[in-house]
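Since the structure comes first, as structure tokens, the remarks are kept for the end.
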Amino acid sequence: MAKRQFPCNSCGADLLFLPGSSKMECPYCGSANELEVPAEDVVEHDYLAKMRELEECPNDADLVEVKEVDCGACGAKTTLGTEVQAGSCPFCDTPFVTEPHSEKVIKPHALLPFKIDSKQGMKQFESWVTSRWFAPNKLKEYARRSEKLQGIYLAHWTYDTSTSTDYSGSRGEYYYVTQSYTDSEGNRKTKQVRKTRWYPVCGHVYNVFDDILIVANDSLPRKYTKELEPWDLHELVPFADEYLSGFKSEHYSVSLRQGFDMAKEEAEPKIDQSIRRDIGGDEQRVHNSYTDWNEVTFKHILLPVWVSAYRFHDKVYRVVINARTGEVQGERPYSWVKISLAVLAAVALIAIIVVLANK
């Protein structure tokens, strides 16, 4: 799936998607064109049918060919424009010379276009850095000087399903008994002691899940990409190459099946909660459960982020920004000088309080 180019009618340069709009703009002459994308609905796709296609008839599975480059340092799979011959990995800042290879993948079905542009992204980045109290001053200076934000579409899966779960367990109900005891002064007293009476139970619960969101690659730590949520998935638009113009994209490294296994793990807490609610009582024990996953559908979607991978004292730190909401997550170095001064100040404050209290 080589990235298409969209020449400007005025000067011939490549038009780029303008974040926060429905336009493509020429970075040289300023001409702008409205996007001409098909007015289609974003639809769900049958998971089991697609799995059968991939396993039995992979040549007929509606796959597209992508040319990508793998980062030797972090393993990220980045799709670049055909004109790009050198650069650095957007996820770890490691330089590379592209040796693209081809791979067939499921084409994205939908995406969220960039809403926040690079200038707004830099403001969010600067605000995030300056709010880190123990960050080195040099890092804050770097944030003010840097223009090194890269716009990337990250691959995700979404899954819809209904579940039916058979379970067996125990319901605990509290009751109280009166016990006598002798206090420290030798007096006889009584108290109420709580006990639990357990009853065997079994049952059946139903749940419905809509758009369980799974990050389809591990180029960024999942603890950060998870914290970028929530995404406004109700604003998804059908996939069109125009939205990718001017941005990089990464296709999935987590397969469709692996993604569904992860979605099951995401769904388990809700299923467990519904079982315990069905058991009732004061306490619940779940001994066994078996879940059927019904009417499973999926979407392959792209979500936009701004990424900064910067080196500080020979170590790479990454910051990622939700390009729809401005939410910032990431790594940062610590200034041990600032931490030491803060500890000394706290010790001094405690000493002053003790002295004043003794007076």
Side-chain angles (χ1 to χ4, degrees), residues 1-3 42-55 58-81 89-92 98 100-114 150-161 209 211-226 228-229 231 233 236-241 243-244 247-267 296-307 318 320 322-324:
M1 188 177 62
K3 289 187 178 180
V42 176
V43 298
E44 303 286 338
H45 298 264
D46 188 291
Y47 170 76
L48 292 179
K50 177 58 71 173
M51 290 304 304
R52 284 194 295 269
E53 281 185 335
L54 294 173
E55 292 170 1
N59 292 331
D60 300 326
D62 192 27
L63 304 180
V64 294
E65 186 173 349
V66 297
K67 290 187 177 181
E68 64 182 12
V69 59
D70 296 343
C71 175
C74 71
K77 298 176 179 292
T78 306
T79 303
L80 303 177
C89 174
F91 300 101
C92 70
T98 64
H101 58 89
S102 297
E103 186 171 344
K104 287 189 175 182
V105 298
I106 298 171
K107 184 178 180 179
H109 303 127
L111 57 77
L112 286 176
F114 273 77
Q150 299 200 52
I152 304 171
Y153 282 100
L154 297 183
H156 289 67
W157 301 111
T158 71
Y159 298 90
D160 291 2
T161 183
F209 296 90
D211 282 343
I212 302 175
L213 184 65
I214 301 297
V215 182
N217 40 56
D218 292 302
S219 302
L220 293 167
R222 288 185 178 271
K223 65 178 179 179
Y224 297 137
T225 52
K226 188 69 177 175
L228 293 180
E229 299 179 18
W231 294 87
L233 297 182
L236 283 168
V237 299
F239 175 82
D241 287 317
Y243 293 111
L244 271 60
F247 301 99
K248 296 179 180 178
S249 61
E250 188 187 32
H251 82 72
Y252 58 86
S253 58
V254 174
S255 70
L256 179 60
R257 184 188 297 278
Q258 291 170 330
F260 185 48
D261 288 339
M262 296 168 70
K264 289 180 179 180
E265 293 179 8
E266 291 274 335
V296 183
T297 60
F298 78 98
K299 297 189 297 293
H300 176 205
I301 66 173
L302 302 179
L303 300 181
V305 297
W306 291 105
V307 176
R318 290 165 294 185
V320 58
N322 183 321
R324 299 286 295 184

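Source: prediction; values computed, not measured.
Across all non-hydrogen atoms, the minimal contact from Ala263 to Tyr159 is CB-CD1, 3.7 Å. Residues Leu112 and Leu233 approach most closely at CD1-CD2, 4.3 Å, considering heavy atoms. Closest approach of Val237 and Val42 over heavy atoms only: C-CG2, 3.8 Å. The minimum heavy-atom distance linking Asn217 with Ser253 is given by the pair CA-OG, 3.3 Å. Closest of all the heavy-atom pairs between Phe239 and Pro108 is CB-O, 3.4 Å. Across all non-hydrogen atoms, the minimal contact from Ser249 to Leu244 is OG-CD2, 4.1 Å.
For the atom pair CG (Leu48) and OG1 (Thr297), the distance works out to 10.5 Å, reported to the nearest 0.5 Å. Expressed to the nearest 0.5 Å, how far NE2 of His251 lies from NE2 of His300 amounts to 9.0 Å. Distance check, rounded to the nearest 0.5 Å: CG of Leu111 to CG of Leu154 gives 12.5 Å. The distance from the CG atom of Leu256 to the CG atom of Leu54 is 6.5 Å, given to the nearest 0.5 Å. Taken from CZ in Phe260 to CE in Met51, the straight-line distance is 10.5 Å, to the nearest 0.5 Å. Between the CG atom in Asp160 and the NE2 atom in His45 there is a gap of 11.5 Å [rounded to 0.5 Å].
In this structure a side-chain-to-backbone donor-acceptor pair under 3.5 Å is present from Arg324 to Pro113. With Trp157 contributing its side chain and Val254 its backbone, the two residues share a donor-acceptor pair below 3.5 Å. Looking only at distances, a side-chain donor or acceptor of Tyr252 sits under 3.5 Å from a matching main-chain atom of Ile106.
Classified by interplanar angle (parallel below 30°, tilted 30° to 60°, perpendicular above 60°), the ring pair Phe247/Tyr153 is perpendicular.
Ring-centre distance between Phe114 and Trp306: below the 6.0 Å cut-off. In this structure, His109 has its ring center under 6.0 Å from that of Phe298.
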**Item:** Leu303 vs Leu213, side chain to side chain contact (heavy atoms under 4.5 Å, CB included): CA-CA, chis, key distance, verdict
**Value:** CA-CA 11 Å; Leu303 300 181; Leu213 184 65; 4.2 Å; yes
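A salt bridge links Arg222 to Asp218: one of the charged nitrogens lies within less than 4.0 Å of a carboxylate oxygen. Salt bridge status for Lys299 with Asp211: present, with a side-chain N to carboxylate O gap under 4.0 Å.
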